**Student:** 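Dropping a structure here in structure tokens format, bear with me for questions.
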Amino acid sequence: MNDFPKNTQQPNDAPIGIFDSGVGGISVLKAIHAMLPNEHLIYVADAAYAPYGDKVPGDILVRSKFIVDYLLHRKVKAIVIACNTASAIAAKELRQAVDVPIIAIEPAIKPAIATSGNKVIGVLATKNTIASAAFSRLCEKYANGAKLIVQSCPGLVEQIEAGQFSSTTTKALLREYLAPIMAAKADTLVLGCTHYPFLIKQIQEIIGTDVEIIEPSHAVARELANRLNLASALPHCSASSEIQFLSTGKLDLANHVFASLWGQPLRVEPLAST
């Protein structure tokens, strides 16, 4: 395990670190910013190694440690793993080694089953998320007789990273991955990757608007807010927050895609990947 810096008690105005393999975690970042508008946020996209969904788990753990080490050196008061794959593979070990709160993310199986009328639920996720022990435990704990149609989605994250939200290729991939879920007549769909919420419009064009789509970004923001509140770590002032975007990947495309997903112009700063 890395020799992480010890962050003991950080001041209330210390930043919150958020990371993902790429731009997908911006869906979580938006929810956090909406719920905690006075917090300073640092968002790191490990785009040089995206997507995590088809990487060797050991490599994902190494990358997660690298980014967490960077964020701890930035004196963050909490870290959000805005990536289902990294959460499933790295969260447990990171929590054992780091002395700031780590908020992870998981596919919203429990609320989906509670919401579903016919108890047939589709799940879109990456290969590594589906293969993880954490995902298996989640399904075993909450399935309770419900039928889960679990579908991996190779190539979909790459399309989103490239800003190809409505391309012919993206729509063809969605039709392929949604077909078994539609055939099973699922009434609820879980988006088990933080990239996928940026395709909700395209998904609804295929499955219709009657299928309930569930993604956990707002639940993660609520959990973060609760953890900070319990620790009396919310900022005291009402000043507007600062948000810093960093990427280990190429910045020419990153600036365009980040701005498109965030909804306003921004500047992505480089972060050395080693």
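As the structure is a computational prediction, the values presented were derived from the model and not from experiment.
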**Student:** Between Ala233 and Lys77, what is the shortest heavy-atom contact and its length?
**Tutor:** O-NZ, 2.6 Å
**Student:** Would you please say whether a donor-acceptor pair under 3.5 Å links the side chains of Asn128 and Thr85?
**Tutor:** no
**Student:** Side-chain contact test, heavy atoms from C-beta onward, threshold under 4.5 Å: evaluate it for Gln151 versus Pro180 and give yes or no.
**Tutor:** yes
**Student:** Are Thr126 and Thr129 close enough that a side-chain donor and a side-chain acceptor fall under 3.5 Å?
**Tutor:** yes
**Student:** Can you tell me how far OG1 of Thr188 sits from CG of Leu148, rounded to the nearest 0.5 angstrom?
**Tutor:** 10.5 Å
**Student:** Show me the side-chain donor-acceptor pairs of residues 54-61 shorter than 3.5 Å, one per line, residues at least two apart or across chains.
**Tutor:**
unit_1: Lys55; atom_1: NZ; unit_2: Tyr49; atom_2: O; d: 3.3
unit_1: Lys55; atom_1: NZ; unit_2: Pro51; atom_2: O; d: 3.0

**Student:** Taking only residues two or more places apart in sequence, or in another chain, which ones meet Ala45 in a side-chain contact (heavy atoms from CB on, under 4.5 Å)?
**Tutor:** Tyr43, Ser247, Phe258
**Student:** Cut-off 3.5 Å, side chains only: do Ser27 and Thr194 have a donor facing an acceptor?
**Tutor:** no
**Student:** Kindly give the heavy-atom pair with the smallest separation between Val28 and Ser217, and that separation in Å.
**Tutor:** CA-CB, 3.9 Å
**Student:** Counting neighbours of NZ on Lys30 that are heavy atoms of other residues, nucleotides or ligands and sit closer than 6.0 Å, is the number greater than 12?
**Tutor:** yes
**Student:** Can you name the one residue among Asp69, Leu72, Leu71 that meets side-chain contact (heavy atoms from CB on, under 4.5 Å) with Val98?
**Tutor:** Leu72
**Student:** Under 3.5 Å, is there a donor on one side chain and an acceptor on the other for Gln159 and Thr169?
**Tutor:** no
**Student:** Given Ile203 and Ile213, is the side-chain contact (heavy atoms from CB on, under 4.5 Å) satisfied, shown in steps?
**Tutor:** CA-CA 9 Å; Ile203 291 170; Ile213 298 177; 4.0 Å; yes
**Student:** Side chains of Asp46 and Thr248: donor-acceptor distance under 3.5 Å anywhere?
**Tutor:** yes
**Student:** Got a donor-acceptor contact below 3.5 angstrom from the Arg95 side chain to the Ile102 backbone?
**Tutor:** yes
**Student:** For Ile214 and Ala108, which heavy atoms make the closest approach, and how far apart are they?
**Tutor:** CG2-CB, 3.5 Å
**Student:** Provide the closest heavy-atom pair for Ala162 versus Val257 in the form atom of the first, atom of the second, distance.
**Tutor:** C-CG2, 4.2 Å
**Student:** Using atom types as modelled, flag every donor-acceptor pair under 3.5 Å from a side chain in residues 262-274 to any protein atom, sequence neighbours excluded.
**Tutor:**
unit_1: Glu269; atom_1: OE1; unit_2: Gln244; atom_2: NE2; d: 2.9
unit_1: Glu269; atom_1: OE2; unit_2: Gln244; atom_2: NE2; d: 3.4

**Student:** Does anything in residues 159-207 pair up under ring pair (Phe, Tyr, Trp, His ring centres under 6.0 Å), and if so which pairs, sequence neighbours excluded?
**Tutor:** none
**Student:** What are the two closest heavy atoms between Val220 and Ala104, and how far apart are they?
**Tutor:** CG2-O, 4.2 Å
**Student:** What I'd like to find out is whether the side chain of Ile121 reaches to under 4.5 Å of the side chain of Ile109, using heavy atoms alone.
**Tutor:** no
**Student:** Kindly give the heavy-atom pair with the smallest separation between Met35 and Ala225, and that separation in Å.
**Tutor:** SD-CB, 4.1 Å
**Student:** Please, which pairs that meet side chain to side chain donor-acceptor pair (under 3.5 Å) have at least one residue in residues 197-212, sequence neighbours excluded?
**Tutor:** Ser166-Gln202
**Student:** Show which side-chain atoms of residues 13-23 pair as donor or acceptor with protein atoms under 3.5 Å away, not counting sequence neighbours.
**Tutor:**
unit_1: Asp20; atom_1: OD2; unit_2: Gly24; atom_2: N; d: 3.2
unit_1: Asp20; atom_1: OD2; unit_2: Gly25; atom_2: N; d: 2.9

